[in-house]
Amino acid sequence: MDNKLFIYNTLTRTKEQFKPIHEGHLGLYVCGPTVYGDAHLGHTRPAITFDLLFRYTRHLGYKVRYVRNITDVGHLENDADEGEDKIGKKARLEKLEPMEVVQYYTDRYHAHMDALNVLKPSIEPRASGHIIEQLQIVDKIMDKGYAYESNGSVYFDVEKYNQQHNYGQLSGRVLDELYSTTRSLDGQGEKRNSFDFALWKKASPEHIMRWPSKYSEGFPGWHLECSAMSAKYLGETFDIHGGGMDLMFPHHECEIAQSTIAHGHVLANYWMHNNMITINGQKMGKSLGNFITLEEFFSGNHKLLTQAYDPMTIRFFILQAHYRSTLDFSNEALQAAQKGLQRLMEAYARLDKLTAGEKSDFNITEWQEKCHEALNDDLNSPILISHLFEAVKWINSMVAGQATLTADDLKLFTQYMHLFVEEILGLKNSIDAKGGGEVLKNVIDLLLTLRMEAKARKDWATTDKIRNELQAMGVLVKDTKDGFEWELK
RNA sequence: GGUCGGUUGGCCGAGUGGUUAGGCAACGGUCUGCAAAACCGUGUACGGCGGUUCGAGUCCGCCAUCGACCUCCA
């Protein structure tokens, strides 16, 4: 197996060669969405980043089990004490059953991910379906003396943990500093230290989502689900844990602490964090209220958007930046991505029409190796894309009759283009994406064949009429050397 | 305040101690019934000031500036 994949491990702050726990297998856990609202552009980053990892590692030959959770309980509005469950709050506001809210936004999340051609994870567990597993972890931590009960709630004893372990190993926090920097909120009285986090919360009377336990009728703390579900489906130690950089602290740090105590060993060998998408230089997020949902991108229905954007444009926009860099949103940047993607996909579609020649003007093997090297270097999709644009030039010069590939090379080249464009980057032609279908395709081809006949007899009126009317319907026609091309706008 | 990370040509974005990132936009040319597309060519970017070096956007120091996290956040 090609095992030259290097990934940046947040734990060590270096790029490391990836070595799986079990040869040929890869366990991947990524923090998924909290389904209390529509996914926005920011949520799209981890989905696409880890989709790329999923696709690439499968291509490398790993049998990948990709677990991405759905958080449908346990996320509090504020810090552990006085908060209200996000799902419960939304349910109250909309007078819906909490699970009705969960179902609604889960369905929409799935639809949006499908549109973005994000593959379904192997397992998509829900927090609410794993209350028992979460309580088992609470018990284990209690048994080992690293948690304490207070007024029906259970908190993790960070100070005690830090005596034997390093609370802050992932995020670079130093516990001493957290004494002074942790924000003091109301109702912290139940905790020994403000930085202790809840494993189990006693439900207040008005709290809708609640489960019985020996501690109280309540609900799990928000870090717990990931520890419970990753252990259940991937084992107590697994290969890669992913998520957004903003989850590094406290979420991932708490996960590590909980799992380390409950299971007695390392949670994950590699931690990968995608950076944020910014808007006007600031993080796009819920709290700032500066987010644009995917729905709004697809429809163009938002005051900051000058047009609608195809899901593939969004995908390409994200892949054009490295996942560990911030990526700044703007209409200009998105439009540039749209045009670039269009050029790439048009050339890609032309591959089928190429005919082999006597000699090869391009070195396909060398090119393919560079593409793999880019991916092996911490999933450097921007570099891969730059190589693909080199291929675009090749294709176009071959179409123009200025260069050739031998039959063997052409076949190889076509296979690799398919691999990189569709299988690994997950890009697809907008004609397919828009569901044009065979019939429509054939009808347009027929019309344009008629137009070619009119053109041949220099009937410019008919020639232009067909082109212009098709264009008005959203079909862009382009003449080629001895034929035509078209695309749906 | 603490911790961490940015600052690259008109825009977006890679990378690297010495040789072209790439895309978009712009300009010039070729092709073309027209248009579109395509192809070819052009632009001497690397926040500032010092230092190390034969040579630094690339390493070091200082300064400026922006941001992320420290509270829910992808």
Side-chain angles (χ1 to χ4, degrees), chain A residues 13 30-34 39-50 75-80 83 86 168 171-174 176-178 180-185 194-195 222 242-251 253 273-278 281-288 291 316-317 320-322 324-344 346-347 350 374 377 380-390 392-393 395-397 399-403 455 458-460 463-464 467-468 471 476-481 484-487:
Chain A
R13 316 241 161 202
V30 175
C31 296
T34 303
H40 64 247
L41 188 62
H43 298 277
T44 312
R45 192 97 190 257
I48 288 176
T49 296
F50 294 104
H75 240 156
L76 300 178
E77 283 284 318
N78 302 308
D79 193 29
K86 281 183 175 171
S171 60
R173 297 299 134 116
V174 178
D176 284 346
E177 283 159 4
L178 289 175
S180 55
T181 59
T182 301
R183 202 176 281 195
S184 62
L185 296 161
S194 58
F195 45 69
W222 79 282
M245 271 183 188
D246 51 352
L247 295 181
M248 238 158 73
F249 190 90
H251 183 54
E253 203 68 63
H273 290 95
N274 62 275
N275 214 136
M276 301 294 105
I277 288 180
T278 57
Q282 271 199 318
K283 174 183 164 181
M284 181 181 284
K286 286 270 180 211
S287 43
L288 288 165
F291 60 92
F316 188 67
F317 173 67
Q320 265 194 312
H322 185 83
R324 282 192 293 111
S325 301
T326 55
L327 172 60
D328 199 47
F329 154 82
S330 70
N331 279 283
E332 226 182 336
L334 231 32
Q335 281 159 12
Q338 182 181 39
K339 292 248 177 77
L341 174 64
Q342 193 178 332
R343 202 160 93 84
L344 174 62
E346 280 172 12
R350 286 176 188 133
D377 185 15
N380 200 325
S381 52
I383 292 292
L384 171 61
I385 289 171
S386 79
H387 295 323
L388 294 182
F389 275 107
E390 191 183 359
V392 166
K393 284 192 176 171
I395 293 169
N396 288 334
S397 61
V399 169
Q402 293 161 355
K455 194 177 162 188
K458 297 195 193 299
D459 176 0
W460 307 129
T463 305
D464 289 346
R467 183 176 67 196
N468 295 341
Q471 186 146 358
L476 186 67
V477 179
K478 299 173 210 165
D479 288 348
T480 60
K481 210 173 166 113
F484 56 82
E485 285 184 352
W486 59 270
E487 67 190 76

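Below, chains carry the letters A, B, ... as their sequence lines are ordered, and counting in each starts from 1.
Within 4.0 Å of A/M248, counting heavy atoms only, lies no atom of the nucleic acid at all. Backbone-only contact: A/G281 has heavy atoms under 4.0 Å from sugar-phosphate atoms and none from a base. Contact annotation for A/E485: no contact, since no heavy-atom pair falls under 4.0 Å across all strands. Across all strands shown, A/M276 has heavy atoms under 4.0 Å from base atoms, whether or not it also approaches the sugar-phosphate. Among the atoms of the strands shown, only primed sugar atoms or phosphate atoms (P, OP1, OP2) are found under 4.0 Å from some heavy atom of A/K339. Within the 4.0 angstrom heavy-atom criterion, no nucleotide atom of any strand lies near A/H251.
Across A/M284 and A/F291, no two heavy atoms sit closer than the pair CG-CA, 3.4 Å.
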N/O contacts under 3.5 Å, protein versus nucleotides 11-17 of chain B?
{"residue": "B/G13", "atom": "OP1", "partner": "A/D328", "partner atom": "N", "Å": "2.7"}
{"residue": "B/G13", "atom": "O2'", "partner": "A/Q320", "partner atom": "O", "Å": "3.4"}
{"residue": "B/A14", "atom": "OP1", "partner": "A/H322", "partner atom": "N", "Å": "2.7"}
{"residue": "B/A14", "atom": "OP1", "partner": "A/S325", "partner atom": "OG", "Å": "3.0"}
{"residue": "B/G15", "atom": "OP1", "partner": "A/N380", "partner atom": "ND2", "Å": "3.3"}

Report, one pair per line, the protein and nucleotides 26-35 of chain B atoms (nitrogen or oxygen only) whose separation is under 3.5 Å.
{"residue": "B/G33", "atom": "N1", "partner": "A/D464", "partner atom": "OD1", "Å": "3.1"}
{"residue": "B/G33", "atom": "N2", "partner": "A/D464", "partner atom": "OD2", "Å": "2.9"}
{"residue": "B/C34", "atom": "O2", "partner": "A/R467", "partner atom": "NH2", "Å": "2.8"}
{"residue": "B/C34", "atom": "N3", "partner": "A/R467", "partner atom": "NH1", "Å": "2.9"}
{"residue": "B/C34", "atom": "N3", "partner": "A/R467", "partner atom": "NH2", "Å": "3.4"}
{"residue": "B/C34", "atom": "N4", "partner": "A/D479", "partner atom": "OD2", "Å": "3.1"}
{"residue": "B/A35", "atom": "N6", "partner": "A/D479", "partner atom": "OD2", "Å": "3.3"}
{"residue": "B/A35", "atom": "N1", "partner": "A/D479", "partner atom": "N", "Å": "3.4"}
{"residue": "B/A35", "atom": "N3", "partner": "A/R467", "partner atom": "NH1", "Å": "2.8"}

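For the pair A/H387 NE2 and B/U20 P, the interatomic distance rounds to 15 Å; values are reported in whole Å. In this entry the distance linking CZ of A/R173 with C1' of B/G2 reads 9 Å, nearest Å.
At least one side-chain nitrogen or oxygen of A/N396 sits closer than 4.0 Å to the OP1 or OP2 atom of B/C39.
Atom CG of A/L327 sits about 12.5 Å away from atom NE2 of A/H322, to the nearest 0.5 Å.
RNA chain B contains the following stems of three or more consecutive Watson-Crick or G-U pairs, with both distances under 3.5 Å: B:1-7 with B:64-70, B:10-12 with B:22-24, B:26-30 with B:38-42, B:47-51 with B:59-63.
A/Q342 and A/E346 form a side-chain donor-acceptor contact under 3.5 Å, judged by distance and modelled atom types alone.
Every residue meeting the side-chain contact (heavy atoms from CB on, under 4.5 Å) condition with A/V392, not counting sequence neighbours, appears here in chain and number order: A/R343, A/L344, A/A347, A/F389, A/N396. Legend: residues meeting side-chain contact (heavy atoms from CB on, under 4.5 Å) with A/N468, ordered by chain and number and at least two apart, are A/D464.
The salt bridge (Lys or Arg N to Asp or Glu O under 4.0 Å) contacts involving residues 39-49 of chain A comprise nothing, where partners must be two or more places apart or lie in separate chains.
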